[in-house]
Amino acid sequence: MTDFSTIYKLSVVALIGFIQASSSSSSSSSSSSSSRCPVLECWFVQEKAGRGGGLTGATTQEKSLLHIRTEAESYDPESQRPPSDIDPNRIYIITDPAATLCHRSFNAPRGSIKKPQCEINPFLPQPSSLRWVASLTDSALSPIYLQADWFSASFQGLDKQLGVSAITRAPTGTKEHEVILSVTSKTMSAKTRLGDPVTLDCGFWADSSSPLVTSGFSVEWRYQTRGDGRLVLAYDGKTDRLADTHEEGATLDFEGLHKNGNASLILEEAKVRHTGTYICTVYLPYLLAQVAMELEIVEPPSLSLHPSTLPLAVPGQTVKIHCEASGFAPLPLELSWEFKGADRTTRALGTGSVSGHRQAWDGTYSQSTRLELDLSKLDLGRGGEVTCVAVHAGGTRRASMTLSIIGFSSPSIEDSMAMVGVALVLYGLIKFVSWTFTGSGPEKTNGQEKKEN
Ligand SMILES: *[C@@H]1O[C@H](CO)[C@@H](O)[C@H](O)[C@H]1NC(C)=O
């Protein structure tokens, strides 16, 4: 009987374990694919009230909580107890029908240190004076609709997988917001090789029931880098044209723009000067939302060695090799030398004398290093492979050449014999050649003349 009950207990334990394992795996798979809508902690940032209004630039930061849902009525906020460190007045419900904010990158694993980032600010709808946006507000006047609480919220998913910026609206004084316009990007930090085509992702969604949507939208891409900002292109939704382009080879996919709100920027060919921050802004009349993303052009160097082959070296000699790394971006580059002997062991030869870097017309850099191998001090046996190593963000590059050394510290008997042999052969050859020219040369011409006669 005891045996039977043990087996029974064991099988019950196994069954429970199985159920737990399968249920936990199914719940984790559902959270990664269909994604529950998250509850996001968010900084509520606003300008300090009073004393000079917004001119002082002083802001206050408060913790807030956003309950995300995709449909109105689908969530009951009373069912969850608010955290004690958050003011109940700063708890909001946001309805996002496009489910952009339910992306898995906004669902941090429980207990993880990494969290999605979020900031929310009060937003004041106002007409834009930009040429390619102003036309949108010509007719679409809906002051009653605009009289509401508006927020501008920006989100960044885990590991920068997704950036979202949303404009939300709530009837004045209520806490239930609806997303009216959202702009997203999946290329928050993009890296591309030189010369490749680049697509910087930007998509938008607008609430089709909003009266603002009927009069169209505009799109603007700006470029920013330290101290330099410029318009890349502007799309005027009213005229359905590019209003301005300041970058050759930059365009939008117009079909995708109208069909799916795909406002991605396409650059025909990546150049070094394209490295920087890009801001995609989508305008509706009175509203705008924007996401900023980073593009970096990363190109590893090409290496060339001078001389291209080494003559036989003799012990005591100093061998000089020059390694030129060119066409890379960005800085820095780490140059060094390695030696691999006949026994296949590798040893470091240091950096050599590394030059400063130079920049070419296309923005790429070049840098070189010079190796001086003093064979009287270094014992490299009978030689081996000398390699120039360039470590770069775009990858490590190597260039090698063979170094052959005659003999060891002093020429061996065999080498001396071989050298004497070579000298003898050379001597014989010279003798033979000079004999042929002085002796038989004129006779041949005589013979030819005879034949002609
Ligand atoms: C948006 O357009 C770009 C460029 O045509 C394309 O590469 C990308 O796949 C599109 N994105 C979506 C979500 O359709």
Side-chain angles (χ1 to χ4, degrees), residues 32-35 37-38 68 70 96-107 116 132 153-167 179-208 213 216-224 231-237 239-271 273-284 288-298:
S32 63
S33 57
S34 71
S35 301
C37 293
I68 312 291
T70 55
D96 175 20
T100 311
L101 296 173
C102 305
H103 186 264
R104 62 187 140 71
S105 68
F106 292 117
N107 276 301
W132 47 90
S154 59
F155 306 86
Q156 197 175 87
L158 294 172
D159 304 321
K160 293 193 178 178
Q161 289 176 55
L162 187 69
V164 179
S165 170
I167 300 295
V179 174
I180 304 300
L181 171 67
S182 66
V183 178
T184 61
S185 175
K186 288 181 203 124
T187 51
M188 295 303 282
S189 53
K191 282 195 171 74
T192 312
R193 293 276 303 260
L194 199 63
D196 283 356
V198 183
T199 303
L200 290 174
D201 182 60
C202 179
F204 72 95
W205 177 90
D207 175 7
S208 55
V213 167
F217 61 89
S218 293
V219 176
E220 177 194 283
W221 276 94
R222 294 188 70 81
Y223 167 84
Q224 243 156 5
L231 184 69
V232 178
L233 60 77
Y235 168 80
D236 184 334
T239 58
D240 188 23
R241 294 242 146 86
L242 285 181
D244 265 298
T245 23
H246 291 260
E247 182 69 51
E248 214 182 298
T251 187
L252 299 176
D253 170 359
F254 293 103
E255 204 185 315
L257 183 61
H258 286 280
K259 261 196 193 153
N260 326 310
N262 184 345
S264 300
L265 177 70
I266 303 162
L267 299 174
E268 221 165 55
E269 195 186 328
K271 303 201 167 85
R273 65 181 170 80
H274 288 150
T275 293
T277 305
Y278 289 77
I279 302 163
C280 172
T281 310
V282 176
Y283 296 88
L284 291 183
L288 70 93
Q290 55 186 202
V291 272
M293 60 208 88
E294 302 295 324
L295 173 66
E296 195 178 12
I297 311 303
V298 181

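The shown structure was predicted, so the numbers you read here are calculated from the model rather than taken from an experiment. Just follow the structure's listing: the first ligand is 1, and inside any ligand the first atom is 1.
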> Could you walk me through whether Trp132 and Leu231 pass the side chain to side chain contact (heavy atoms under 4.5 Å, CB included) check?
Replying inline: CA-CA 12 Å; Trp132 47 90; Leu231 184 69; 3.7 Å; yes
>> For residues 192-202, which residue pairs pass the salt bridge (charged side-chain N to carboxylate O under 4.0 Å, His left out) check, not counting sequence neighbours?
In response: Arg193-Glu299
> Which residue pairs pass the salt bridge (charged side-chain N to carboxylate O under 4.0 Å, His left out) test when at least one of the two sits in residues 154-167, sequence neighbours left out?
Replying inline: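 Sorted pair list: Lys114-Asp159.
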> Can any side-chain N or O of Tyr223 pair as donor or acceptor with the backbone N or O of Thr275 at less than 3.5 Å?
Replying inline: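 Confirmed, Tyr223 side chain pairs with Thr275 backbone.
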>> I'd like to check the side-chain hydrogen bond (donor to acceptor under 3.5 Å, both in side chains) partners of Thr277; sequence neighbours left out, ordered by chain and number.
In response: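 With sequence neighbours excluded, Thr277 shows a side-chain hydrogen bond (donor to acceptor under 3.5 Å, both in side chains) to Glu294, given in chain and number order.
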> Is the shortest side-chain N to carboxylate O distance from Lys271 to Glu247 below 4.0 Å?
Replying inline: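 A salt bridge is absent here (no side-chain N lies under 4.0 Å from a carboxylate O).
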Is there any protein N/O under 3.5 Å from an N/O of ligand 1, and what does the full list of such pairs look like?
unit_1: ligand 1; atom_1: 2 (O); unit_2: Asn262; atom_2: OD1; d: 3.3
unit_1: ligand 1; atom_1: 2 (O); unit_2: Asn262; atom_2: ND2; d: 2.4
unit_1: ligand 1; atom_1: 5 (O); unit_2: Asp253; atom_2: OD2; d: 3.1
unit_1: ligand 1; atom_1: 11 (N); unit_2: Asn262; atom_2: ND2; d: 2.8
unit_1: ligand 1; atom_1: 14 (O); unit_2: Asn262; atom_2: ND2; d: 3.4

